Every structure is written in C-alpha cells, then in structure tokens.
Amino acid sequence: MSLWFPRLASDRILRAQPTEAPFAVTHHEKNSERLYCVNSFARQQGLVEGMGLCDAKVLCPELRTQAADLLADQRFLQMLLRWSNRYCPWVGADGADGLMLDVTGSTHLFGGEAEMLFDLHERLAQFGLTVFSGLAATKGAAWAVSHYSKGVVAEGGLKAALSSMPVQALRLDEATCITLQRLGLRSIGDVLATPRATLGRRFGLELLRHVDQAFGDQAEQINPQAPEVYYAVRLTFPDPIGFFDDVMAGLKRLLEHLCLKLKKHEQGMRSLRLTCQRVDQVSAQAELRLARPMHDSARILPLFERSVGEIDAGYGIDQLRLEAFDLEPLPLQQVEVSTTPKPSGDALNDLITRLGSRIGLDKIVRFLPADSHVPERSFVVAPAAYCEAEGEWREGLVRPLRLFAPEPVLGKDKMPPKTFCWRGMRLALGRATGPERIAPEWWLDDPNWRSGLRDYWRVETRQGRRLWMFFTPQSPAWFVQGEFA
C-alpha cells in the first residue's frame, strides 16, 4: 500500500489554524520566494507549487502564506509512520511526503483490501489530511496507483491498470521521462510495446529495472523504520490531587515504570522532567539533572523532593507525565560479593545532584591529576557531574591547599630568610623543609617560568602560617606561591 500526502506541509499547519481561504507554504528557492505547498482553495485560484510568490499574489491577493519548516514536516511524517502501524507492522517512509506499507496478511483484519483503504481514508480525513492511496501486488505498482490513479489493483491486473499511465508512474527521473516522450513513448503501455533490447541500449538498465519492479519481475523490499523507544510515562487521576505526598506517591509509580524500561534497554538518564497538568489546563514542570546516568528509582525519588515542593498545584492536578532525557548506555555490571564493605560513590553523586539543583551542576567542579610536574599544570578543573575521579596523584608530592601567582618577598640567600614581610605581615621562620627543585618544561613557552629553575620549600612560620616558597638561583629572589591548611 502506498500513501501519498501531496499537501503535507499545508495540512500540518492548517490542522492547528483552520481556514477556508487560499493558503500556501513558501520556500526560498533560486533567489526568490516560491510556493512550496498550496491548499485546495489556493489551487482553485490557479496557484500551483513552484510559482513565484509575487505572481501568486497578483492572481490571488487574499492569499495567506507561511514559511516552510522542513524539519517539522519530517517529524510530522514520522508521527504518521508510527500511526500507520495500526494497519501493519512493516511501514517505511517513501520520500518526504509518502509512506509505504506491506499489508500482506493484514487486510483480512479489516474485512478486506477495500475496507482497509476506506477505514484509513476516513481516519485521515478526520485528522484534516489529504491522502491518495494505492494498493497493488508490487511496491512500484502501488506507488503508480497512488500518484496517478486510486483504489486496489486486482490480482493479475497489473498490466491493464498500469498501461494507460504516463511514464512518470515508473518513478523515473525527469530527464528520462522527457526523452521518452520525445520518442513518442508517453505511456507505460508504449514502453512495454518497445523491444527491451532497444530500451536497454538507449536508456541503460535503470529503465528496465523500474519496469521489472513495477510488474514484479524484480523484487523490491520496503525498508521499515525501526520504532523509536520513548522513555516517557503518564498517570491520570480520577480525582484531582494537590498535596505534596500525593504527587510524590504518583511520581514513585512513574519512576518505577520508567526505570524498569531503562534497565531493560540498559540505558541511564541524566535529566528528567515532571509535568503536572492542572485542572485549569495550566501545566507546571519540575526538572532534575543528575550527576551520573541512573536508572535507580529508589535513589532518584528523594532527589525530586525540592522541585516537587515548589510546584503550584492550583485547583488540583489530574495528570502526571515523566520524561527521561540525555540518555547514555548503562550496561549491567557484575556485583562482587565481599565480606569487607567498600566505599560507594552513590552518596557523593547524590550530593552533587542535590547541590546542582540549587546552584547548577556546571558550578560544581573537581580537581583531576594532569601529567605535568609544574605545579600550575599538575591538575585540571572539570565539572564533577561529567567526569569520573580517574587517575592517581603522584605519591610523595606535598602540595599546598591554596595555590596562587608567585608573590615576591625580600631575600637573596639560597636558604629561607629568617624574617620577611608578606601581604603586610612580618613573619619569622620557624621550620623549613626542602628544597624540591623543579625545572621548567622546555617544550612549552610559559612566560611565568622564563626565570628558570625553582627550589621549593615548605616553610612554617612562628606566627602559624604554613607557606610554600621557592628560590630562583639564576636571579636570586624569593617568592611565595601557596599556603598550606
């Protein structure tokens, strides 16, 4: 079965904005605005696709227009594809405005082929859609009937049904059709009456392939589209609810169903959206972004408490809808049985999620080790929600809690000064540990390290300050670069 929606773009728009006036969808082409799709009222005024918008306005001044949205048309066709699964499970897209269904073994469920077509047209007419259909033994014949005729082609009646149709019904390109017509071959019957050898020499195998596919001499399969898995659940209440506990109880049921579906497909979600539909047709939403992909309903439910508590129930909520977004693979993992408990990162991830719901996940960062012996480049700062605590810090290295740009202090001796001034404070040396010599990375041109070698010391002052200081032998000077806790 072939379904052709010649006014898909205009029908999609007019379903939400009904009108009985001429209407057209426009598209920018060849440096001008042209008609992309017109409704029946515009066609009665003599407007056709491809006509310039200026010419169309002259013929029909009351014409209403709207710019084409090809992406929205494609999504709408995908919706029709899913809807067509009610007639058979083998459905595929046919270009940008058609569907192809393999209804073998399904027609008897509707009382026959004609009854199936009648039911389909009735339902689509209620949706406000214009559709042309054709049902035949082959994909090519069904396409020809839907575009240049209508109805059902009886078994064994392909030649009689297709012979009178123009050569365009063979799904040939425009150049081939023009050449055939110039040679006097205007219909499929004319093509069939011409020797195959002559057609093959003149047009190649492409024309013969389309002819054989239309009459079943060469197999042609429908490429069905795999159904998309939607991770969304909905719960409708017989009576409106409005209390916090009632919403959380409904959310718990939704989470259990959603997480069960995610576990089945080994998927984890990073964000969720709860939509509460109120009785006054106003919806309120609560969103949750997770620090890690999860599908554990027991852990996710408490994280929703703050967002749910901020929802305004109004006169009551009669429907809850929960959707999962930002899916990531989350395969099952082998659980090790051990007598000694091991620390788990679940509590930390839940804490990051709770803090992120208040200040934003991107503002919570962690330090990760980097492959560099230079203090400023020995670590990187990354959002904690989007990275794991991987890598190991180099053992034996003691680094300050606070690291800042080097601040000069008086002193030219290679040993730490007995007394020095730093940030307006006069400090006295208590104990010093070092030195730790660090050389600059010669393969990187870092202006901060152009002074050369540095000898780092851990200095404890009598005033209680624990500083990280270094001495530059090549140009004798002391600097403070960090402070320990």
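Every value quoted in this text rests on a predicted model; they were computed, and no experiment measured them.
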From [X] [atom1] over to [Y] [atom2], what is the distance, rounded to the nearest 0.5 angstrom?
X      : Y      : atom1 : atom2 : value
Leu251 : Leu288 : CG    : CG    : 9.5 Å
Leu47  : Phe23  : CG    : CZ    : 12.5 Å
Leu172 : Ile178 : CG    : CD1   : 12.0 Å
Phe484 : Leu401 : CZ    : CG    : 9.5 Å
Leu262 : Leu330 : CG    : CG    : 9.0 Å
Met248 : Ile241 : CE    : CD1   : 11.5 Å

For this session: Could you go through the side chain to side chain contact (heavy atoms under 4.5 Å, CB included) check for Leu14 and Arg7 one step at a time?
Result: CA-CA 10 Å; Leu14 294 178; Arg7 303 170 191 163; over 6 Å; no

Is [Y] close to [X] at the side-chain level, that is, under 4.5 Å between some pair of heavy atoms?
X      : Y      : result
Leu258 : Leu272 : yes
Leu320 : Thr275 : no
Phe244 : Glu305 : yes
Leu101 : Ser84  : yes
Leu444 : Val374 : no
Arg458 : Arg466 : no
Gln319 : Thr236 : yes
Ser283 : Gln277 : yes

Check this for me: [X], atom [atom1], are more than 12 non-hydrogen atoms of other residues, nucleotides or ligands nearer than 6.0 Å?
X      : atom1 : result
Arg15  : CZ    : yes
Gln221 : CD    : no
Arg377 : CZ    : yes
Leu410 : CG    : no
Asp280 : CG    : yes
Arg253 : CZ    : no
Arg34  : CZ    : yes
Glu174 : CD    : no

Looking only at heavy atoms, what is the nearest atom pair of [X] and [Y], with distance?
X      : Y      : value
Val233 : Leu254 : CG2-O, 3.5 Å
Pro240 : Val279 : CG-CG1, 3.6 Å
Met100 : Ile222 : CG-CD1, 3.5 Å
Arg366 : Ala384 : NH1-O, 3.2 Å
Trp449 : Pro375 : CZ2-CD, 3.7 Å
Pro447 : Asp445 : CD-O, 3.6 Å

Once you measure the plane-to-plane angle for [X] and [Y], does it fall in the parallel (<30°), tilted (30-60°) or perpendicular (>60°) bin?
X      : Y      : answer
Phe127 : Trp83  : perpendicular
Phe470 : Tyr456 : tilted
Tyr231 : His265 : perpendicular

Problem set entry | Residue pair Asp455, Lys414: steps toward the side chain to side chain contact (heavy atoms under 4.5 Å, CB included) verdict | CA-CA 9 Å; Asp455 291 334; Lys414 64 179 181 179; over 6 Å; no

For this session: Just do the salt bridge (charged side-chain N to carboxylate O under 4.0 Å, His left out) check on Glu220 and Arg171 with the steps written out, would you?
Result: CA-CA 13 Å; Glu220 185 180 11; Arg171 297 175 295 170; 3.0 Å; yes

Problem set entry | Check: Ser10/Asn39 side-chain N/O donor and acceptor closer than 3.5 Å |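 Asn39 and Ser10 do not have a side-chain donor-acceptor pair below 3.5 Å.
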
Exercise. Is there a donor-acceptor contact under 3.5 Å linking the side chains of Glu407 and Trp422?
Worked result: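 Note: Glu407 and Trp422 side chains meet the donor-acceptor criterion.
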
Pair [X] + [Y], salt bridge at N-O below 4.0 Å:
X      : Y      : result
Arg399 : Glu436 : yes
Arg278 : Asp312 : yes
Glu206 : Arg209 : yes
Lys263 : Asp296 : no

For this session: Check the pair Asp94, Lys139 against salt bridge (charged side-chain N to carboxylate O under 4.0 Å, His left out), reporting the backbone distance first and the verdict last.
Result: CA-CA 10 Å; Asp94 183 27; Lys139 178 180 176 181; 5.5 Å; no

Problem set entry | Evaluation steps, salt bridge (charged side-chain N to carboxylate O under 4.0 Å, His left out), between Arg321 and Glu323 | CA-CA 7 Å; Arg321 177 178 173 84; Glu323 303 170 87; 3.7 Å; yes

Problem set entry | Pairs flagged by ring pair (Phe, Tyr, Trp, His ring centres under 6.0 Å) wherever residues 361-385 is involved - sequence neighbours left out |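 Residue pairs with at least one partner in residues 361-385: Phe367-Phe379.
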
Exercise. Which pairs pass ring pair (Phe, Tyr, Trp, His ring centres under 6.0 Å) with one or both residues in residues 267-323, sequence neighbours excluded?
Worked result: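 Residue pairs with at least one partner in residues 267-323: there are none.
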
Polar side-chain atom of [X] near backbone of [Y] as donor-acceptor pair, under 3.5 Å:
X      : Y      : answer
Thr138 : Ala214 : yes
Asp11  : Thr130 : yes
Glu287 : Ser271 : no
His27  : Ala68  : no

Using atom types as modelled, flag every donor-acceptor pair under 3.5 Å from a side chain in residues 70-82 to any protein atom, sequence neighbours excluded.
{"residue": "Asp73", "atom": "OD1", "partner": "Arg12", "partner atom": "NE", "Å": "2.6"}
{"residue": "Asp73", "atom": "OD1", "partner": "Arg12", "partner atom": "NH2", "Å": "3.3"}
{"residue": "Gln78", "atom": "OE1", "partner": "Gln225", "partner atom": "NE2", "Å": "2.7"}
{"residue": "Gln78", "atom": "NE2", "partner": "Gln225", "partner atom": "OE1", "Å": "3.4"}
{"residue": "Arg82", "atom": "NH1", "partner": "Tyr230", "partner atom": "OH", "Å": "3.0"}

Exercise. Can Ile300 and Met269 be said to form a side chain to side chain contact (heavy atoms under 4.5 Å, CB included), step by step?
Worked result: CA-CA 11 Å; Ile300 297 175; Met269 53 188 169; 3.4 Å; yes

Problem set entry | Residue pair Thr419, Leu429: steps toward the side chain to side chain contact (heavy atoms under 4.5 Å, CB included) verdict | CA-CA 6 Å; Thr419 60; Leu429 177 65; over 6 Å; no

